[in-house]
**Q** 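Here it is, the structure, as structure tokens.
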Amino acid sequence: MNISTSNNHDNGEQDQKGVSKKRYMPLLLINYTCLFLGSVSSSLLSKYYFNHKGSNKWVSTWVQSAGFPFLLLPVFLPYYLFQCTQRKPFTRFTPRILSLSIFIGLMLGLNNLLFSWGNSYLPVSTSALLLSSQLVFNLILSAIMVKQKITFTNLNCVILLTLSSILLALGSNHDKPQDLTPTKYMIGFVATIGAGLLFALYLPIMEMIYKKVYCYAMMIEMQLVMELSATILASVGMVWDGGFTEMRKESKEVFDKGEGVYWVTMITNVVTWQLCFMGTAGTVFLTCSLTGGICMTALLGMNVLGGVLVYREDFGGVKIVSTVMCGWGFCSYVYGMYVNNHMMKLLDDHKQNINPSIEMAQPQPQPQPHSDLHLGLGA
């Protein structure tokens with residue numbers, strides 16, 4: 001009886017691994033797509049709000065996480081409606097994970113506020129280029145917190161992106177919006193750098209926490225709690241600053257595109273921010289924090305071009321050189337990753353060809369929290 005049960009369990013585990021392998025690439029592509037659409041659209045829509053006389057930073061902060069109810073659908077529907085998984089929602093959701101989710105959610109809420117503060121003062125292209133510094137912070141913090149290896153290509157990327165941000169800081173004062181004081185412009189500059197630093201800290205922390213996460217569905221549940229916490233923080237700020245009343249006033253009296261366009265902008269912004277955050281969380285869970293940071297940095301170039309194409313922002317010599325340096329650093333890093341992965345694969349193949357019998361005799365490594373077994377929806 002015990003042998004039969006064990007065999008059934010092993011067969012079930014093998015079946016789950018097979019299903020997970022099939023789910024991995026679709027899940028990864030879905031998260032990449034969400035990250036791409038959400039990052040570019042949310043950045044442009046946030047700037048659209050401020051360009052047309054929207055001015056409340058707490059409103060812009062609140063919409064970034066207020067779409068958390070959308071996450072109730074992937075959390076509860078697979079189990080209660082579609083019955084495509086045997087795992088009940090929030091299974092293995094310990095008090096420690098709940099506490100960590102709340103804490104990270106509050107940190108995320110602060111990051112959203114800093115981003116809104118910077119985005120209200122800076123052009124989209126300047127803000128996007130400044131946020132590219134998050135990869136520098138991410139690399140350093142990943143090395144400290146999750147033991148990411150520092151290589152020549154990593155350092156090359158750090159140096160280029162740092163010089164790019166310094167160059168932009170020295171030469172971008174001329175493109176500040178009209179009627180904006182130098183003090184407010186500097187506040188926006190510092191707030192944007194702060195948002196990049198907090199986001200860079202958020203990524204490796206999430207990678208550390210995800211090592212204790214059982215499956216992809218549990219990651220969505222954590223994201224739901226985090227964004228609920230961020231929304232509560234933003235709601236407190238909204239009440240304190242009169243943001244909810246301000247939204248009604250802005251839609252009718254201030255927003256120069258009319259009340260209907262105002263609410264469409266708000267709702268669309270809520271949806272696109274959800275796509276951005278879910279794409280980021282899914283990418284970190286399925287790969288690692290540094291990959292998430294790299295993807296965000298790559299998309300910043302799209303945000304720069306989006307600001308230039310949609311809002312006709314200035315794209316003079318300073319931004320051209322800064323963008324080239326960002327691209328140079330990013331491509332250098334990607335190439336370094338490619339060469340390293342290729343060399344590791346050749347080394348593994350060489351070891352197997354020399355003595356496959358010894359390789360087979362060695363004990364197999366234990367599956368990691370992000371192994372194929374844990375990539376499913378929790379079935």
Side-chain angles (χ1 to χ4, degrees), residues 23-43 63-76 78 89-90 92-93 97-112 115 131 134-135 138 141-142 145-146 195-196 198-231 233 270-299 368-370 374-378:
R23 286 173 174 172
Y24 178 80
M25 283 308 300
L27 277 176
L28 193 57
L29 291 176
I30 289 173
N31 282 279
Y32 281 157
T33 302
C34 290
L35 180 57
F36 174 80
L37 295 177
S39 177
V40 176
S41 300
S42 60
S43 178
V63 299
Q64 293 183 49
S65 57
F68 71 89
F70 289 115
L71 299 180
L72 294 173
L73 300 178
V75 168
F76 290 104
F90 293 97
R92 299 193 184 183
F93 210 83
I97 291 180
L98 177 62
S99 301
L100 288 173
S101 299
I102 294 174
F103 172 76
I104 300 301
L106 295 176
M107 187 177 74
L108 186 62
L110 177 59
N111 176 82
N112 294 344
F115 175 83
L131 286 172
Q134 65 88 15
L135 182 58
N138 181 235
L141 293 173
S142 295
M145 300 174 65
V146 293
L198 267 181
F199 189 76
L201 178 62
Y202 162 82
L203 292 177
I205 288 178
M206 290 312 302
E207 181 179 351
M208 293 175 63
I209 295 175
Y210 284 158
K211 292 179 180 180
K212 307 297 182 181
V213 170
Y214 171 63
C215 62
Y216 186 84
M218 189 172 178
M219 182 274 295
I220 299 178
E221 294 161 2
M222 288 185 62
Q223 190 69 19
L224 173 64
V225 175
M226 286 189 290
E227 295 199 36
L228 173 60
S229 302
T231 303
L233 177 64
V270 167
V271 174
T272 55
W273 274 113
Q274 279 306 300
L275 291 176
C276 180
F277 284 131
M278 273 307 303
T280 303
T283 299
V284 173
F285 176 79
L286 295 171
T287 56
C288 67
S289 60
L290 193 55
T291 301
I294 291 170
C295 291
M296 290 298 296
T297 303
L299 290 173
Q368 298 299 314
H370 295 172
H374 300 282
L375 296 177
L377 298 177

**Q** How long is the gap from CZ on Phe277 to CG on Leu35, to the nearest 0.5 Å?
**A**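 The CZ atom of Phe277 sits 11.0 Å away from the CG atom of Leu35.
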**Q** For Glu207 and Ser289, which heavy atoms make the closest approach, and how far apart are they?
**A**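 Result for this residue pair: OE1-OG, 2.5 Å.
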**Q** If every non-hydrogen atom of Ser101 is compared with every non-hydrogen atom of Met226, which pair is closest and at what distance?
**A**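 Heavy atoms only, the tightest pair is O-CG, 3.1 Å.
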**Q** Between Thr280 and Cys276 (side chain of the first, backbone of the second, donor and acceptor by atom type, cut-off under 3.5 Å), is there such a pair?
**A**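 Judged by distance alone, yes, a pair lies under 3.5 Å.
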**Q** Check Ala230 against Gly105 and note the closest heavy-atom contact, atom names and distance.
**A**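 Smallest heavy-atom distance, with atoms named: CB-O, 3.3 Å.
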**Q** Answer whether the closest heavy-atom distance between the side chains of Ile220 and Leu224 falls below 4.5 Å.
**A**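 They are not in contact (no side-chain heavy atoms under 4.5 Å apart), so the answer is no.
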**Q** Report yes or no: does Ser41 contribute a side-chain atom to a donor-acceptor pair with the main-chain N or O of Gly38 at less than 3.5 Å?
**A**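 No.
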**Q** Nearest 0.5 angstrom please: Gln223 CD to Phe68 CZ, how far?
**A**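 Going from the CD atom of Gln223 to the CZ atom of Phe68 covers 12.5 Å.
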**Q** Would you say that Tyr216 contacts Leu27 through its side chain, given a criterion of any heavy-atom pair below 4.5 Å between the two side chains?
**A**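 Side chain of Tyr216 against side chain of Leu27, heavy atoms only: contact under 4.5 Å found.
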**Q** Using 0.5 Å steps for rounding, measure from the CE atom of Met107 to the CZ atom of Phe199.
**A**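 Output value for this atom pair is 10.0 Å.
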**Q** Would you mind reporting whether Phe70 and Val270 have side-chain heavy atoms less than 4.5 Å apart?
**A**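 Yes, side chains in contact.
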**Q** When rounded to the nearest 0.5 angstrom, what distance separates CD in Glu221 from SG in Cys215?
**A**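 The SG atom of Cys215 is 7.0 Å from CD of Glu221, to the nearest 0.5 Å.
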**Q** Can you list every pair that meets side chain to side chain donor-acceptor pair (under 3.5 Å) and has a residue in residues 63-73, with sequence neighbours left out?
**A**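 Listed by first then second residue: Gln64-Ser116, Ser65-Thr231.
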**Q** Taking atom CG of Leu275 and atom CG of Leu37, what is their separation to the nearest 0.5 Å?
**A**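 Reported value, rounded in 0.5 Å steps: 6.5 Å.
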**Q** What's the shortest heavy-atom distance between Pro204 and Ala200, and which atoms?
**A**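 In terms of heavy atoms, the two residues are closest at CD-O, 2.6 Å.
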**Q** Heavy atoms only: give me the nearest Met219-Val213 pair and the separation to one decimal.
**A**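 Reported closest heavy-atom pair: N-CG1, 3.8 Å.
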**Q** Does any non-hydrogen side-chain atom of Met218 lie less than 4.5 Å from one of Ile97?
**A**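 Yes, close enough: below the 4.5 Å cut-off.
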**Q** Could you pull out all residues at least two apart from Phe93 that satisfy ring-ring contact (aromatic ring centres under 6.0 Å, His included)?
**A**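 Partners of Phe93 by the ring-ring contact (aromatic ring centres under 6.0 Å, His included) criterion, ordered by chain and then number, come out as Phe90.
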**Q** Between Leu286 and Asn31, which heavy-atom pair has the shortest distance, and what is it?
**A**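 Nearest heavy atoms, Leu286 then Asn31: CD1-ND2, 3.7 Å.
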**Q** Do the side chains of Met222 and Ile104 get nearer than 4.5 Å, heavy atoms only?
**A**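 Side-chain contact under 4.5 Å: no.
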**Q** Measuring from Thr283:OG1 to Met206:CE, what's the distance to the nearest 0.5 Å?
**A**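 If we round to the nearest 0.5 Å, Thr283:OG1 and Met206:CE are 12.5 Å apart.
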